[in-house]
There are 2 protein chains.
Amino acid sequence: MPPAPGDREARRKDVSEAVWHVLADRGFGGLTLRAVAAAMGASTGMLMHYFPTKRALITHALDLLEKRTAERPRRAHPAAGLATVRAMLLDILPLTPDDTARNRIWVSSWDLSLADDGLTTDQADRYTRLRSTLRPHLEAARDLGELPAAADPDQLAASAVAFTHGLVVQALFDPGRFPRDVQITMLDDFLASTALPRSDGGSRPDAGISVRSY
Amino acid sequence: MPPAPGDREARRKDVSEAVWHVLADRGFGGLTLRAVAAAMGASTGMLMHYFPTKRALITHALDLLEKRTAERPRRAHPAAGLATVRAMLLDILPLTPDDTARNRIWVSSWDLSLADDGLTTDQADRYTRLRSTLRPHLEAARDLGELPAAADPDQLAASAVAFTHGLVVQALFDPGRFPRDVQITMLDDFLASTALPRSDGGSRPDAGISVRSY
DNA sequence: GGATGCATAACAAGCGTTCGGTACGTAAGC
DNA sequence: GCTTACGTACCGAACGCTTGTTATGCATCC
């Protein structure tokens, strides 16, 4: 076999693929060196060649999770304000198989993260970053008059993330109860309820409809 | 040592206590027979005497989690409608150390639950039950005029659960960012935004204040 | 004395990790 | 232009440890 000292990164990518596969159907609790090695038809010795310890592999798995989350295909931001917020939250929901796998792995990682102080703060930082990404668009929405002038963008970001991730968890456990349209409708209703009533006539009962036009 | 053939149930309770302790600071990933035995100063043989297999112990742990959730001290329901919904959701949030431990264990169980089909449907059923508990009070709120007449209580229950559990997760990872008052304020704002504007004068910006009087 | 309650110790399986050995590619020596 | 030397990539087996589980034995009670 060729040592080919250039494709070291390519090999690590193969490992990533195997790790992802194992994670997707056994979770972090089922992430074992032998399982990963078997998933790529290799030996555990080869694994250790690229990741000297299991902890390194776990760290890599979490990095991979973050990277794949950051690099996933995303909706274009249609317009400033709430419409962008809506697009960003839709990008989080498990609407496709890929999104479902990613979310499933994400939730699965919480057991580990809660048990390790370092991983706990890592996860907390990720949440902080996610809220920070959302905040400017909430500020824009407020400045556009889509939200009450007194609205606190930071707290609103936390609320939006809470709602979305809570919906993710329920949808993961009961996909039949939360198909694509239900998730989208719920998100739209949530956004409509935090938005100001629109000036063009619609009062609260049809706010859920009007928000979809953002 | 006394065989004392009456306190078999008492002994199982001791085991429960040890299981709880292990779960609380190592999660389901750290739930091992020896860890539980050590936590109660006993042997693994004694454990097997009460729980013939590890799966039995895991099942017991999940039952225990559900039981302690059902039997936790709860707020009185102050008045019909949204006020009761608020009380029920406040009872979920990690506002006390006990609540935090329970929620932490709950989240930790998701890794296992997602990896096992049987446990997945168990968890889905639990969510269905939780929403069902919430629904009648949302219906009452709607009938009282606190919610739009067109509101769907079932979907609202799902939204409320989503928001609350999403907030739980963020609070578990970052207790400093989500102390007691912040959690309560966020919940109140959420409820206020789904509620109809109150007829006694308050418009949207202070809805967050008015809801607290429910 | 037989049944119950439990500790002790051993078990096989699986874990993360280590290690010797092999195949390959590159670079240097003459 | 062979040969030698060396570093990289990887396998396969083994290590020591922990896991869940089982077997043995000794108390204690009825």
Side-chain angles (χ1 to χ4, degrees), chain A residues 1-19 21-23 25-64 108-109 111-112 115-116 118-119, chain B residues 1-19 21-23 25-64 108-109 111-112 115-116 118-119:
Chain A
M1 287 312 197
D7 49 6
R8 178 167 178 92
E9 217 46 44
R11 223 77 182 83
R12 279 176 64 102
K13 217 155 215 172
D14 292 348
V15 175
S16 298
E17 209 59 50
V19 166
H21 185 255
V22 170
L23 247 40
D25 67 45
R26 288 191 252 177
F28 272 86
L31 182 67
T32 159
L33 296 184
R34 282 169 175 80
V36 174
M40 63 188 296
S43 68
T44 68
M46 178 267 189
L47 271 184
M48 306 309 284
H49 195 73
Y50 292 96
F51 300 94
T53 179
K54 165 136 195 217
R55 179 143 207 113
L57 202 161
I58 289 182
T59 301
H60 175 70
L62 291 170
D63 288 350
L64 181 64
S108 161
S109 78
D111 182 23
L112 219 93
D116 182 294
L119 298 182
Chain B
M1 286 310 204
D7 46 8
R8 178 168 179 95
E9 216 47 42
R11 224 73 181 84
R12 279 177 65 103
K13 217 154 215 173
D14 292 347
V15 175
S16 298
E17 209 58 50
V19 166
H21 185 255
V22 171
L23 248 39
D25 69 42
R26 287 192 253 178
F28 272 87
L31 182 67
T32 156
L33 296 184
R34 282 169 176 81
V36 173
M40 61 189 295
S43 68
T44 68
M46 178 268 190
L47 270 185
M48 306 308 284
H49 196 73
Y50 292 96
F51 300 95
T53 178
K54 164 135 194 219
R55 178 138 209 114
L57 202 161
I58 290 182
T59 302
H60 175 71
L62 291 170
D63 288 350
L64 181 65
S108 162
S109 77
D111 182 23
L112 221 93
D116 182 294
L119 298 181

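Reminder, nothing fancy here: chain letters follow the sequence lines and each chain counts from 1.
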Hey, does A:M48 reach any base, or is it just sugar-phosphate, or nothing, if we go heavy atoms under 4.0 Å? base

Classify A:T53 by what it touches in the nucleic acid, base, sugar-phosphate, or nothing, heavy-atom distance under 4.0 Å.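 Counting heavy atoms under 4.0 Å across all strands, the contact made by A:T53 is with sugar-phosphate only.
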
Side-chain heavy-atom pair [X], [Y] within 4.5 angstrom cut-off:
X	Y	value
B:T59	B:D63	yes
A:H21	A:D25	yes
B:F28	B:D111	no

Taking for each residue the nucleotide of DNA chain C with the nearest heavy atom, is it A:P52 or B:M46 whose nucleotide lies nearer the 5' end?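 Closest to the 5' end, via its nearest nucleotide, is B:M46.
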
Over how many whole Å does the gap from [X] atom [atom1] to [N] atom [atom2] extend?
X	N	atom1	atom2	answer
B:L47	C:dC6	CG	C1'	11 Å
B:K54	C:dG14	NZ	P	15 Å
A:L57	C:dT17	CG	P	10 Å

Would you list the atom pairs, donor with acceptor, under 3.5 Å between side chains in residues 38-58 of chain B and any protein atom, with sequence neighbours excluded?
unit_1	atom_1	unit_2	atom_2	d
B:S43	OG	B:M46	N	3.3
B:K54	NZ	B:L31	O	2.9
B:R55	NH2	B:D116	OD2	2.8

Residues from residues 32-41 of chain B sitting under 4.0 Å of DNA chain D, heavy atoms only? B:T32, B:L33, B:R34

State, to 0.1 Å, how close B:S16 and B:L64 come at their nearest heavy-atom pair, and which atoms those are.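 The pair with the smallest heavy-atom distance is O-CD2, 3.5 Å.
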
With a 6.0 Å cut-off (strictly less than), is the heavy-atom count around NE2 of B:H60, excluding the residue itself, greater than 12? yes

OP1 or OP2 of D:dC10 sitting under 4.0 Å from any side-chain N/O of A:R11? yes

So, is A:H49 close to the D:dA9 phosphate, meaning a side-chain N or O under 4.0 Å from OP1 or OP2?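 Yes.
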
